[in-house]
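First up is the structure itself, then whatever we jot down about it.
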Amino acid sequence: MATPQSSATRLIPERPWRRLLHGDMGGRILLGALAVLIVVIPILNQGVSPSSPFHVSDYTVNLLGRYLCFALLALALDLVWGYAGILSLGHGAFFALGGYAMGMYLMRQIGDRGVYGDPVLPDFMVFLGWEQLPWFWYGFDQFWFAALMVLLVPGVFGFIFGWLAFRSRVTGVYLSIISQAMTYALMLAFFRNEMGFGGNNGLTDFKDILGFSLSDPQTRLALFVASALALGLAYLLCRMVVRSRAGRVVRAVRDAEPRTRSLGYRTDHYKLWIWTLSAMLAGVAGALYVPQVGIINPSEFSPLNSIEIVVWVAVGGRGTLYGAALGGALVNYAQTLLTAMIAELWLFALGGLFVAVTLFFPRGLVGLLRRREDRS
């Protein structure tokens, strides 16, 4: 017989976030770690003396902020690869488009402080002899407009690409190749000076964001916190998506698309929806990355960058969300260490890492840890 206390406990509704993270220990650890970082890193950076071994330098804060952006980018790819079975080799394009949208806002904030002192035209336009601002630069002097474009530009571009591909039922390796061709074509286009995006030099020499100097340590700390919050919110959003009814249909499409289609589901619509959402998340990652690194140029569209994102997700653990975020941060941390010692060996190490993951632990680090837990 149930006690009054247990009956009352059952009547208390479970909190939504607990339902969302039910059975997701990895996700709870990720969100808990982000919460700790948001609190601890500012204290160790601002409240601890630089001579103390516990002090976190401004450089480290900036580096951690970049890692969080890469983790968000890996999370976006895992949403389509791990849950929809769509291997994209072009997600670097959405990352770069979001970065360019933020870079255009940052360029407009320079004003007459540029090399040529023009209050409207960016320096590269003055150098190239442009007489007026192109129409597609209008509105980027306002942060709200730039923030909207960070979502809309990658989202609309991803929607158009996905609509054409999924409507034609392009799948598997063919879709991967087409997505890689997409980002390569964008790279070639953005290298051209007449495109109006700075050519091969890209956009740089940023001064401030929302009136705060980007060289100020407190601004960089705020960008780190914003990146951590964005990663946490994106994880909750992705978790909500994959646990929803539509998310279950997406997984069914991944496992047996012909059977799912035979049940009456418009599989192309579901794939298009998850693809567009993933593109928008990648754009947010790019927008947060650009003010922290201080430049955006066409090299961000490089197909190699998109392939690296796949490696991040594979290393962390495809189809787990938190594993992908972990892989994005860890692989880039390893890159920082290795390139500081022997820069020319990094690409060989990255390729070897991908081969090792494929052969020895195809479910990534998360799968390896789960296997050890099961054995114990």
Side-chain angles (χ1 to χ4, degrees), residues 26-27 29-30 32-34 36-37 40-41 44-45 53 56-78 81-82 87-89 91-92 95-96 99 220 223-224 227-228 230-232 234-235 282 285-286 288-290 292-295 299-300 302-372:
I29 293 174
L30 172 64
L34 290 175
V36 170
L37 288 175
V40 172
I41 295 298
L44 297 181
N45 175 252
V56 175
S57 66
D58 297 334
Y59 171 77
T60 303
V61 170
N62 182 259
L63 204 58
L64 290 174
R66 299 183 197 181
Y67 293 160
L68 293 174
C69 294
F70 293 141
L72 176 54
L73 178 56
L75 181 72
L77 178 61
D78 192 33
W81 187 27
L87 176 56
S88 169
L89 295 180
H91 256 54
F95 178 82
R220 294 185 175 272
L223 288 169
F224 161 79
S227 300
L231 177 58
Y235 181 83
L288 289 168
Y289 175 78
V290 165
Q292 297 183 79
V293 74
I295 188 173
S299 65
E300 294 296 339
S302 172
L304 179 60
N305 291 352
S306 296
I307 295 174
E308 285 190 15
I309 304 169
V310 173
V311 178
W312 305 346
V313 177
V315 169
R318 180 167 63 99
T320 61
L321 296 180
Y322 61 86
L326 176 66
L330 286 182
V331 173
N332 281 280
Y333 174 68
Q335 180 181 7
T336 301
L337 293 180
L338 191 58
T339 52
M341 296 183 291
I342 312 176
E344 59 271 14
L345 290 182
W346 165 243
L347 290 180
F348 295 98
L350 183 68
L353 180 63
F354 185 66
V355 172
V357 169
T358 304
L359 294 179
F360 301 110
F361 47 106
R363 295 186 178 181
L365 294 176
V366 171
L368 189 63
L369 293 175
R370 286 178 178 176
R371 186 187 306 173
R372 289 186 176 181

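Note that this is a predicted model, so its numbers are computed, not measured. Positions are given from 1 along the sequence.
No side-chain heavy atom of I41 sits less than 4.5 Å from a side-chain heavy atom of V36. You'll find the side chain of V310 reaches within 4.5 Å of the side chain of W81, heavy atoms only. Annotation: side chain of L30 is not in contact with side chain of L326 (no heavy-atom distance under 4.5 Å). Contact check for Y67 versus L330: no side-chain heavy atoms found under the 4.5 Å cut-off. At least one side-chain heavy atom of L337 sits under 4.5 Å from a side-chain heavy atom of Y333. For the pair V331/F70, no side-chain contact is recorded, criterion being any heavy-atom separation below 4.5 Å from C-beta on.
In terms of modelled atom types and a separation under 3.5 Å, the side chain of N305 and the main chain of G92 share no donor-acceptor contact. Panel note: side chain N62, backbone Q292; a donor-acceptor pair is recorded below 3.5 Å. Side chain of D78 to backbone of A324: no donor-acceptor contact under 3.5 angstrom is found.
Here the CG atom belonging to L63 is positioned 12.5 Å from the CG atom belonging to D58, to the nearest 0.5 angstrom. Between atom CG of residue L288 and atom CZ of residue R66 there is a gap of 13.5 Å, rounded to the nearest 0.5 Å. We find the CD1-CG distance between I309 and L89 to be 9.5 Å, quoted to the nearest 0.5 Å. Taken to the nearest 0.5 Å, the CG atom of L72 stands 9.0 Å off from the CZ atom of F95. Taken from CG in L73 to CG in L68, the straight-line distance is 12.5 Å, to the nearest 0.5 Å. If you take CD1 on I307 and OG on S302, they are separated by 8.0 Å, rounding to the nearest 0.5 Å.
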L365 and V357: CA distance, side-chain angles, deciding distance, side-chain contact (heavy atoms from CB on, under 4.5 Å) verdict: CA-CA 9 Å; L365 294 176; V357 169; over 6 Å; no
F224/N45 under side-chain contact (heavy atoms from CB on, under 4.5 Å): CA gap, chis, key distance, verdict: CA-CA 12 Å; F224 161 79; N45 175 252; over 6 Å; no
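When all heavy atoms are compared, the tightest approach of G323 to V366 is CA-CG2, 3.5 Å. Across every non-hydrogen atom of L321 and Y235, the tightest pair is CB-CE1, 3.4 Å. Residue Q335 comes nearest to E308 through the heavy atom pair OE1-OE1, 4.4 Å, listed as atom of the first residue, atom of the second, then distance. Contact detail for A285 and C69: the closest heavy-atom pair is CB-O, 3.5 Å. When all heavy atoms of E300 and A96 are compared, the closest pair comes out as CB-CB, 3.8 Å. Here the closest non-hydrogen pair linking L231 and A325 is CD1-CB, 4.4 Å.
Side chain to side chain, T60 and S57 meet the donor-acceptor criterion of an N or O pair below 3.5 Å. Side chain to side chain, S227 and Y289 fail the donor-acceptor criterion of an N or O pair below 3.5 Å.
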